[in-house]
Asks: 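One structure, pasted below without further comment.
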Amino acid sequence: MEFAELIKTPRVDGVVLHRPFMPTVEGTLCLTGHHLILSSRQDNTEELWLLHSNIDSMEKRFVGSVGSIIVKCKDLRVIQLDIPGMEECLNIASSIEALSTLDSVSLMYPFFYRPMFEVIEDGWNSYLPQDAFKELESMTDEWRLSKVNKDFTVCPSYPPVVAVPKNIDDDTLKKVGAFRHGGRFPVLSYYHKKNGMVMMRAGQPLTGTNGRRCKEDEKLINATLRPGKRGYIIDTRTINVAQQAKARGGGFESEGNYPQWRRIHKAIDRYNVLQESLIKLVEACNDQSHSMDRWLSKLEASNWQTHIKEILTTACLAAQCIDREGASVLVHGTEGTDSTLQVSSLAQIILDPGCRTIKGFQGLVEREWLQAGHPFQQRCAQSAYSNSKPRQEAPAFLLFLDCVWQVLRQFPCSFEFNESFLVLLFEHAYASQFGTFLGSCAADRARLSLPEKTVSLWSWVNRPQELERLTNPLYEANSLVIWPSVAPQSLLLWEGLFLRWNRSSKCLDEAYDEMVHIIEYNKELQNKVNSLRRQLAQLETEDPLLDTP
Amino acid sequence: MEHIRTPKVEQVRLVDRFSNKSTNGTLYLTATHLIFVEGSSNNSASAGQEIWILHHHIASVEKQSLTTTGCPLVIQCRNFRVVHFVVQRERDCHDVYSSLLRLLRPVYYEELYAFSYNPKQNDQQREEGWQLIDLGAEFERMGVPNDQWQHTDVNRDYKVCETYPRDLYVPITASKPIIVGSSKFRSKGRFPVLTYFYQEKKAAVCRCSQPLSGFSARCLEDESMLQAISKANHNSHFVYVMDTRPKLNALANRAAGKGYENEDNYSNIRFQFVGIENIHVMRASLQKLLEVIGARSLTMSDYLVGLESSGWLRHIKAIVDAAVFLTKAVTVEGASVLVHCSDGWDRTAQVCALGSLLMDPYYRTIKGLMVLIEKDWISFGHKFADRCDQLDGDPKEVSPIFTQFLECVWQLTEQFPHAFEYSEWFLLQIHEHVHSCQYGNFLGNNQRQREQLQLGERTHSLWDFLMSEKQNYLNPFYKPSYSEAHPVLEPSTLPYHFKFWRNMYHQFDRAMHPRQSILKTILTLKENSRKAESELQALETRLQKLGVTPIATSDPPAPPPTRDQRTNPLPPRPDSLILGAPINHKEVERREEEDEQDEVGVEATERTDTERTVEGSSGTESRKQSYGELEGTCNGELAKVEPAVVSLELGVARMTC
């Protein structure tokens, strides 16, 4: 297909762009296969470059012969374009409509994008499972890398290599795979160096109504327990939901078959509920009415903050089991691709200082979200403004980022990255020139040859100029476990994301700059003091007489 | 001392109000404080945690029914501290209870702490302390008196209005008969007077109480008074009259012979209702808010619903909205504004003070805020004694009006983090002392009463004390240049800009706060920079003396735009302010112990010449218990079916023992 077929009017002059908290810009609007571009043709005026895939929905309005297109983006921004001429406006609108809803992945921009920067380190190779396993091997010899899934036959959503207990062979894994939802047999998610406890994740066991059991499954997870020790299974569903799952062939681990495990049920909601929540929250944030009661009741009705609290509490519980109880943990929900990953990744943020660095966090997203098979393709297909009926969309990843932000707010000196990094990941998960978030699992990525045909987000991020922007100036390595407060009073609305386009950030930015300035000034001073001290010390050793002042 | 029956009770348990964590210790009752000292239960030599509660801070004491472990005693403080003791013997509990009941309701001013508090100052120092804030100088700073506004001594003996100060400013055309006539037509004699003068537009902010207009009464002198205010401003041919009450309340007042200005009688006014609720609504609102946030295992939904139904943020927004209206009228339209409510000492004080703070960067400095509070609150007769319940009085007179003002300021600091010289700590400390009755400033209801009490001679001034530890309250992000460029603040009052002030209402609930404080970190860095600057200088001098050119001095770092080059180091933060404040000895030690156990060599790798403590992290006993507790309560009904839940709870309980 040629993009040109979809573009009836590639250029319109005299278009006026309206954006909140910014002056209007008049210029020429151009449509390309992947971008909507507005150029004022003046050197110092900012231009608009908008990916079609970032457009969530669009509205048309006509006043006289001037048509307006209101573009609502997946990054939650809303802009308005006033286009002179009815026909031009309609043409532009229908082109945007068509170009922003292309079905085929291979037509997406990442396949056409060529980097304008020098790739120092190819992000596609930065976080390979093999490398992560080497690190694990230095700590323990109880685990091995299995290639049982090398053809994606045992579990279509798992990567080709996974870490499993050493004494469990591949045949056992295949049997366990058949007993777990989506073939997602329990795999290692996190090894807690301090006490050797582990976190595993899986899909739900397919016990069904007649209580099917699988000895291999029991053997696999029991293999992670120390003699005489118990473990915890954290089921992210309520007991009722888990019971109901039996009727559809799913279920949970019964006490009888898993006597060494204690099961805890939590209540993290499923994807359609979460998507609904996001839509309501964003609607509340865009409500410009001045009623306090209306705002608070809408915020409450969105349930967003409730989800945050529930997810964070569950993650804390998992971390508590590992670090405080000294027990191993298995986390699962239904598929094991959403709430499970939220919990397992957040628990690592709490427990593992390594995950709080920029690279460490990239590794975490790569391991626990991308390679673990969170279906980004489906979950992030539409955002909060979409008019189309939601299918499998859900802001599971955004909720995770929000939870990380909450912890970052409570431990502002313990993270190497700042809020901008989290916002950046949100944006790229929904629309990006990079291939990182394309596809839904490792199999997809291999099928689409993403590493060969697209550029990795990490290649772009891990360059000095980008890293500088994303680095938290307050960071000072904190090797401890960080326990956040999950009281409602301690959890805040993520203004930097949800109110990003609804408030002027000028004052906050200036205060941030002031903070950076104070920190840099301090560093500079300390350096000078140190070099003078050295100079003096050197003089003193050269001439011992100087020693006596 | 005669009220104290049992000065010391041993074996008292202090229970955390959100988790079930408790500590044992001894309770002491002194003439001024209730003190809890944690017993050194384990044989470590560490000093126990201490909690000092000033009797005046106690809002209520409740003795609950006897349980198997003892007799619970719940104490609620005006600074929002809530402590829950369990006393073993009921008799002891009753003694403490009845002593406190008597102690926390003093009958005479002389019983207040301010009259016995002695910070080891001589008379001269004390006098100087009281002279720190000079309102005459403040009006001069605004450019008053001038060709349109004059000082009047009509109230020099508090004869015209006993709740106003002696020194007042009125338009030059307002003669004495006009003033006296107007005062007779205004509730409590509070006639229109100047409180802030906006020099740039020569526009005035005036304040008064409601007119005694009833259904039809009018007063020519009062009309002349408003005429005079209008004439004093050549920029505008009318005066805004802001009635800060909801219209319904104002209407109701007409039946009592009071009411509001009839636009037909005042040719030159524009009348406007603002709709801030009265003291009773505010009191009930705060009560509701505290109930909501005091609940254990609070769900997000209950929290947000409770926040909404308490109406607290709605009221805060109404005050800010009113102040924004006032500011726009004065700074944009250049019109003068007359603000009143019923008696003109609650809502009027809130709106005038907050409006001035939006208009004038001076009030966003430490000294400026003191001046503002002294002017619009203390001198104009906000009834601190009644509103803060200093003496045993009418509970219907108590209301968090001043707390709301401080909160409004805090909400603004959130929107303009670099426009204020002071940080949140300053606001919290002022709030603390408005209720502590430790200093004389806020005692009594008006200036006349304060003079009668001879507070200047018998008590000390809070402003002097706060000024002496000014560096504690500095906002490191403050940029005076911003205020020069933007003297008038234009806050957005969209609802989402108003947030729950956790650091005020949960000030003493440590577990809820961020474990690392940006404010504290940056303050420490600034302090370090200051030290490094002087060390750098010393090193350079020494090298130069040795005849060597210092290598690093080729371009000395540009000093940051700091305005305060204090030489004394940061003194320890007041104990009451826990935000980023040094944690108490016990906790520090425990934390250090754990750090050592957990991470050998942290200290060595982290080359911290700063005194930074990584707060929180591993050593948060209450934290981990709270997840366990949540677990227990969320799945309470499942506990029977699912033994797992119970076992985890037990596990947690065992761990924390």
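Residue numbers start from 1 in every chain, and the chains themselves are labelled A, B, ... in the order their sequence lines are given, proteins ahead of strands.
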Asks: Is it true that atom NZ of B/K499 has more than 12 heavy atoms of other residues, nucleotides or ligands lying nearer than 6.0 Å?
Replies: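 Check passes, neighbour count above 12.
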
Asks: Minimum heavy-atom separation for B/T299 to A/K309, with atom names?
Replies: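 So the minimum-distance heavy-atom pair works out to CA-CE, 4.3 Å.
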
Asks: Output the distance between atom OH (B/Y496) and atom CG (A/D287), rounded to the nearest 0.5 Å.
Replies: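 It comes to 9.0 Å.
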
Asks: Judged by atom type as modelled, is there a donor-acceptor pair below 3.5 Å linking the side chain of B/Q516 to the main-chain atoms of A/S414?
Replies: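 A pair under 3.5 Å: yes.
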
Asks: Measure across A/S490 and B/M512 and return the closest heavy-atom pair with its distance rounded to 0.1 Å.
Replies: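 Result for this residue pair: OG-O, 2.8 Å.
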
Asks: Taking all non-hydrogen atoms of both residues into account, name the closest pair between A/T306 and B/S301 and its distance.
Replies: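 So the minimum-distance heavy-atom pair works out to OG1-N, 4.1 Å.
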
Asks: Which atoms of A/D513 come close to chain B, meaning under 4.5 Å heavy atom to heavy atom: side chain ones, backbone ones, both, or neither?
Replies: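 No part of A/D513 comes within 4.5 Å of chain B.
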
Asks: Given the rule in the side-chain contact (heavy atoms from CB on, under 4.5 Å) test, do A/I482 and B/R515 qualify, once you have shown the distances and angles that lead to the verdict?
Replies: CA-CA 9 Å; A/I482 52 176; B/R515 286 325 186 101; over 6 Å; no

Asks: CD/A/E540 to CG/B/L546 distance, rounded to the nearest 0.5 angstrom?
Replies: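 With rounding to 0.5 Å, CD (A/E540) is 8.0 Å from CG (B/L546).
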
Asks: Counting only non-hydrogen atoms closer than 4.5 Å, does A/S291 touch chain B with its backbone (N, CA, C, O), its side chain (CB onward), both, or neither?
Replies: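 Contact with chain B is through the backbone of A/S291 alone.
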
Asks: With rounding to the nearest 0.5 angstrom, report the CD to CG distance, A/Q535 to B/L543.
Replies: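 Those atoms lie 5.0 Å apart.
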
Asks: Do B/R542 and A/L536 come within less than 4.5 Å of each other through their side chains, counting heavy atoms only?
Replies: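 B/R542 reaches A/L536 side chain to side chain.
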
Asks: Does the side chain of A/R503 reach to within under 4.5 Å of the side chain of B/Q415, using non-hydrogen atoms?
Replies: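 No, every pair of side-chain atoms sits at 4.5 Å or beyond.
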
Asks: Taking it one step at a time, do A/C507 and B/H418 satisfy side-chain contact (heavy atoms from CB on, under 4.5 Å)?
Replies: CA-CA 7 Å; A/C507 288; B/H418 55 337; 3.7 Å; yes

Asks: Can you tell me how far the OG atom of B/S529 sits from the CD atom of A/E520, to the nearest 0.5 Å?
Replies: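 The CD atom of A/E520 is 11.5 Å from OG of B/S529, to the nearest 0.5 Å.
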
Asks: Measuring heavy-atom distances to chain B, does A/K523 have an atom under 4.5 Å in its side chain, in its backbone, in both, or in neither?
Replies: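 Contact with chain B involves no heavy atom of A/K523 at all.
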
Asks: Looking at chain B, which one of A/S297, A/A267, A/A301, A/A327 has the largest number of heavy-atom pairs inside 4.5 Å, strictly under?
Replies: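 Heavy-atom pair counts peak at A/S297.
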
Asks: Select one option (side chain, backbone, both, neither) describing which atoms of B/Y303 are under 4.5 Å from chain A's heavy atoms.
Replies: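 Only the side chain of B/Y303 comes within 4.5 Å of chain A.
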
Asks: Are A/K528 and B/E540 close enough for a salt bridge, meaning some N to O gap below 4.0 Å?
Replies: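 No, A/K528 and B/E540 are not salt-bridged.
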
Asks: Do the side chains of B/L313 and A/W295 get nearer than 4.5 Å, heavy atoms only?
Replies: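 No, their side chains stay 4.5 Å or more apart.
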
Asks: Tell me, side chain or backbone of B/R502 under 4.5 Å from chain A's heavy atoms, or both, or neither?
Replies: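 Just the side chain, heavy atoms under 4.5 Å.
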
Asks: Crowded around B/E490 CD? As in, over 12 foreign heavy atoms under 6.0 Å?
Replies: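 Not buried by this count: 12 neighbours or fewer within 6.0 Å.
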
Asks: Give, as side chain, backbone, both or neither, the part of B/Y482 having an atom under 4.5 angstrom from any heavy atom of chain A.
Replies: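 Side chain only.
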
Asks: So which of B/E535, B/K545, B/H497 has the biggest tally of heavy-atom pairs under 4.5 Å with chain A?
Replies: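 Result: the option with the highest number of such pairs is B/E535.
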
Asks: Could you measure the distance from the CE atom of A/M292 to the OG1 atom of B/T493? Nearest 0.5 Å is fine.
Replies: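 Answer for the CE-OG1 pair, A/M292 versus B/T493, is 9.0 Å.
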
Asks: I need the minimum non-hydrogen distance between A/I518 and B/P476, along with the two atoms involved.
Replies: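 Of all heavy-atom pairs spanning A/I518 and B/P476, the closest is CD1-O, 3.4 Å.
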
Asks: Where is the tightest heavy-atom contact between B/F500 and A/Q489, given as atom of each residue plus distance?
Replies: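 Scanning both residues, the minimum pair turns out to be CE2-CG, 3.8 Å.
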
Asks: Is there side-chain contact between B/P495 and A/L296, with at least one heavy-atom pair below 4.5 Å?
Replies: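 No, too far: nothing below the 4.5 Å cut-off.
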
Asks: Of the backbone (N, CA, C, O) and the side chain (C-beta and beyond), which part of A/R533 lies under 4.5 Å from a heavy atom of chain B, both, or neither?
Replies: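 A/R533 touches chain B through backbone and side-chain heavy atoms alike.
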
Asks: Please classify the contact between A/L299 and chain B as side chain, backbone, both or neither, with a heavy-atom cut-off of under 4.5 Å.
Replies: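 Contact with chain B: backbone and side chain both.
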
Asks: Counting only heavy atoms closer than 4.5 Å, note whether A/I519 contacts chain B via side chain, backbone, both or neither.
Replies: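 Both backbone and side chain of A/I519 come within 4.5 Å of chain B.
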
Asks: To the nearest 0.5 Å, what is the distance between NE2 (A/H517) and NZ (B/K479)?
Replies: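 One gets 9.0 Å once the value is rounded to the nearest 0.5 Å.
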
Asks: Do B/N528 and A/L525 have side chains that approach each other closer than 4.5 Å (heavy atoms only, starting at C-beta)?
Replies: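 Result no, sub-4.5 Å side-chain heavy-atom pair not found.
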
Asks: If you compare all heavy atoms of A/S289 against all heavy atoms of B/L494, which two are closest, and at what distance to 0.1 Å?
Replies: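 Distance-wise, the nearest heavy atoms are O-CD2, 3.9 Å.
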
Asks: What part of A/Q288 gets closer than 4.5 Å to chain B, counting heavy atoms only: side chain, backbone, both or neither?
Replies: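 Contact with chain B: backbone and side chain both.
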
